[in-house]
Amino acid sequence: MRRHLIAFTFVALPLGAVLVRAQPGVKSESGLDLSLLDRAADPCIDFYAYACGGWTKNEPIPADRSAWGVAERLQEQNEARLRKILEDASKNPADAETKKIGDYYASCMDESRINARGAAALDPAIKTIATLSSARELGALVAELHAMGVNAFFSFGAEADFKDASVVRAIADQGGIGLPDRDYYFRDDPKSTEIRKQYVEHVGKMLALLGSPARGKDESAGAAGDAATVMKIETALARASLDVVARRDPSAIYHRMGPTELQVLTPNFTWSDYFKGVGAPAIDALNVTVPDFFKAFDQLIAATPIADLKTYLRWQLVHASAAVLSAPFVDENFRFYGTILTGAKELRPRWKRCVQYTDGDLGEALGKAFVREAFGPAAKEDTLKMVRELESSMEADIKSLSWMTDATRQQALVKLHAVANKIGYPDKWRDYSALGIVRGDALGNSQRANQFEFHRQMNRIGKPLDKGEWEMTPPTVNAYYNPLQNNINFPAGILQPPFYKAGADAAVNYGAAGSIIGHELTHGFDDEGRQFDAQGNLKDWWTPEDAKAFDDRAKCVVDQYSSFTAVDDVKVNGKLTLGENAADNGGTRIALMAYLASAGAAAGKTVDGFTPEQRFFISYGQGWCQNTRPERERMLAQTNPHAPARYRVNGVVSNMPEFAKAFSCKADAPMTRANACRVW
Ligand SMILES: [Zn+2]
C-alpha cells in the first residue's frame, strides 16, 4: 500500500516515447520556462490555460505516447542517460553487476534472435500447464506461475502487517484479471461494452498466436471459444473483487487469518502445496485482503472444467510474457493495451522499451550508475534542507488549524515528527548476485528476474520490516508515501529540472519540488494515511469529534472534484481521488508557507515580470503541463486515484486565497471559489 505522485500505467503496457528533444523554452532569469505560458489566457479564469497554454499548443502528443507532459519529457531525458549507460555496459562492463545490466539490455535489443524463437521460449511452462488433471493440483502450478510473474487467479506477496507494521507478513490479494479494473467487466455504457468486445478479440488473437496442439487446423475458431472461456473466468473473479473506491479503506482489505482458517475458507485449493511451491517460510498468519474473493475463487475452480482452467492459465502466461516475445505478440499486446485502452498510435522504439525493462528488472544496479551521473551529494543536501523546511511548515499548519482539538493535534505532531525522509537512492543497494542473466536469452532473463524478485519478497515474510528498502528505482520520475512505514520517498529521477534546479529562484523550486515534497508529506494525513499512526500501524488516534471535522472538510473536496469532467461523459471520481487531491491542496499550501519563510522570499522582488508568489504558482502549475489522449483520460478517470492534470492545478489554486491575491482575481472569478475547501 503506497501513494504515488503520478499515475502509473499498467505492467506490460507500453508507455510510448519520442526522440529526445532538447529542452525548449525561453531563457528567463527565474528559471521558469516562459514559453509554456499563454499570456492571452486570464489566470483568474483558467490558471491551467495560463500556465500551460504554450505547452498545450506547441507540444503535440507523439504517436507512440498516450500522454505528453513535463514529467514525460523528463522521463525521456532520464531514458537517454540510461541508454548511454546500458550501451557502454553491454560493450565494456567494469564489473560483474555492470555486465548483468549490459547483457540484459543487449539480449532485449536482439530482436532477430527473439523473433526467431517465437513462442518456443514458453514451451516448458505450457507443458506444465498441460499436465494439470484436477483442481487439487492447482496449488503447485499457480505457485510456479506466480514466481514467473504470471497473474494467475490472485496475487501473493509480502507486506507489513497493517496492525503490527514492525513485522512483514504474507498477503494474498484479489487478482487474475486482464482488464485494468474489476468495473471494466460490468459497466454497460457503449464505450465499455466495446472495450470488452475488443478485449475478448485480443485474448483470442493471443491464444491463436500461441497455438494449441489439441486443436489442430481450425486455430482461430477454437481460439475465439477459448477467449470466451477466459472472459467467463475473469468475470467471475472480477465480480468477487472490491472496486477501487472500496479498496481505499484499509480495514476493508485487512483480514488476518491463520493458514488453517484460509484452508477452511477455500477447501478446493491446496495451500500447503502453494506455500511450499513459492518457497515461503512457515506462515503462522497472513492478510487475506478480501475473504469473499477467495471464497468465489474456490467455488470457481471447483465448478470449472479442467480444460477451461488450463485455457485461462495459458492466456495469463502469454499475457505476462508478451512484451519480451516475438514481434507478433508484442504488436498484438500493443494493439489492445497501447492503442485501444490508451490511444497511442505507435509502439515505442525498441531501445526505450528495453531501457524500461532493464529498469524494472535490475533497477538498483542501473540506478547506481544513473545516480553517479545525475544526482550528486549537493542535490541530496539541498533536497533534505527543503524537506525539513516543509516539515516545519506542516508543523505550523497543524498547530494553527481551528477545527482540530489539542488531543488529536498532539498525536498529529507525533506522527509528523516520526516521518522518515528517503532522498535520491537507497543507502544500501540491492544485491543481484543470485540473479542469473544470460546474454541472448531475453525471455529467460525476464522470468529469472521475476523469480528473483518473488523470492526476495518471500524471504521478507516473518522478518522485521526493513524501512530502508525502496519501492521505486532511482531513475523513476515519481515519488511516494508509504503509510505502513510512515516515510516519504523521492527518487533521484524526479529531483531534476524542471522540478528541481540547483541554484534556481527559490519561488520556482518551492513551487515545483516543494509542492511535491508537501504532497507526499500530506499523504500521511489524507483520508487513508490518517488512519495509520506514527509507527505505521492501522490505529485510530483521532477523537470522534476531530474525525467528524476531518470528514466534513474532506467532503468539500470530494464534491469539488466530482463536479469536474475528465473526458466526454466521464466525471472525475471525487471519492477515488480524495487522497491525492487532499495531498495536492495541503502540499501546495505548506510549500508556499515554507517559501514565504525562506531567505529567498525575504527580498520579494519581481523577476521576469512576476512577483514571488506569482512565480511560485506558475512553477507549481507548470509541473502539470500535459496533453493527454481521450482514451487514456477515460481509463485513468475510472481506475486512477489522481485527478487529471488541469484539475490538479485549477482545483488547488481555486481553493487558495493566496492565489487570488497574487493574481488580483476578483471575488467572483472562476479561480476564486466562494466555498473554498481546506482540510490541511
Ligand atoms: Zn500522491
Side-chain angles (χ1 to χ4, degrees), residues 1-9 67 69-72 74-75 244-245 247-250 383 386-387 390-391 393-394 397 415-416 419-423 470-473 476-491 493-495 499-500 511-532 536 550 554 557-558 560-561 564 566 572-591 620-621 623-624 626 628 636-637 639-653 655 677 679-680:
M1 178 187 300
R2 54 210 57 89
R3 290 296 150 216
H4 306 115
L5 180 73
I6 299 170
F8 267 142
T9 33
V70 166
E72 285 78 11
L74 172 56
Q75 185 193 18
V244 279
V245 172
R247 288 180 64 85
R248 289 191 56 72
D249 173 7
T383 312
M386 202 186 279
V387 169
L390 263 292
E391 285 168 347
S393 315
M394 182 113 206
D397 176 59
K415 179 163 185 183
L416 175 68
V419 173
N421 310 310
K422 283 158 66 186
I423 294 163
W470 283 65
E471 292 149 15
M472 284 181 185
T473 67
T476 305
V477 182
N478 212 332
Y480 69 95
Y481 170 78
N482 186 330
L484 292 161
Q485 303 188 358
N486 196 25
N487 57 20
I488 49 179
N489 301 261
F490 306 96
I494 198 169
L495 298 171
F499 294 101
Y500 170 77
S515 298
I516 292 170
I517 296 165
H519 174 104
E520 300 308 337
L521 209 47
T522 308
H523 269 316
F525 304 89
D526 71 17
D527 59 314
E528 190 182 63
R530 77 171 188 85
Q531 301 186 52
F532 294 83
F550 178 94
V557 179
V558 170
Q560 178 193 2
Y561 284 78
F564 297 144
V572 173
N573 183 334
K575 283 186 181 151
L576 174 61
T577 57
L578 171 58
E580 296 299 335
N581 297 331
D584 281 344
N585 279 275
T588 308
R589 175 178 307 283
I590 61 174
Y620 170 68
W624 296 113
Q626 188 187 62
T628 311
L636 293 185
T639 59
N640 194 275
H642 302 88
R646 59 193 179 282
Y647 303 124
R648 296 189 75 168
V649 177
N650 287 352
V652 169
V653 300
N655 282 331
C677 302
V679 182
W680 296 103

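Just so you know, ligand 1 is whichever comes first in the structure, and atom 1 is the first atom listed for that ligand.
If you look at Glu580 and ask which of its N, O or S atoms sits nearest the Zn ion (ligand 1), the answer is OE1.
The nearest N, O or S atom of Glu520 is not closer to the Zn ion (ligand 1) than 2.8 Å.
Considering Lys422, Glu520, Glu471 in turn, Lys422 is the only one that fulfils the side-chain hydrogen bond (donor to acceptor under 3.5 Å, both in side chains) rule with Asn489.
We find that Asp527 and Arg248 are joined by a salt bridge, their nearest charged nitrogen and carboxylate oxygen being less than 4.0 Å apart.
The Zn ion (ligand 1) lies at the vertex of an angle of 100° between the NE2 atom of His523 and the NE2 atom of His519 (rounded to 10°).
Using a distance-only test at 3.5 Å, with no hydrogens or angles considered, a donor-acceptor pair links the side chain of Gln560 to the main chain of Gly651.
Aromatic ring orientation, His642 versus His519: parallel (interplanar angle below 30°, classes split at 30° and 60°).
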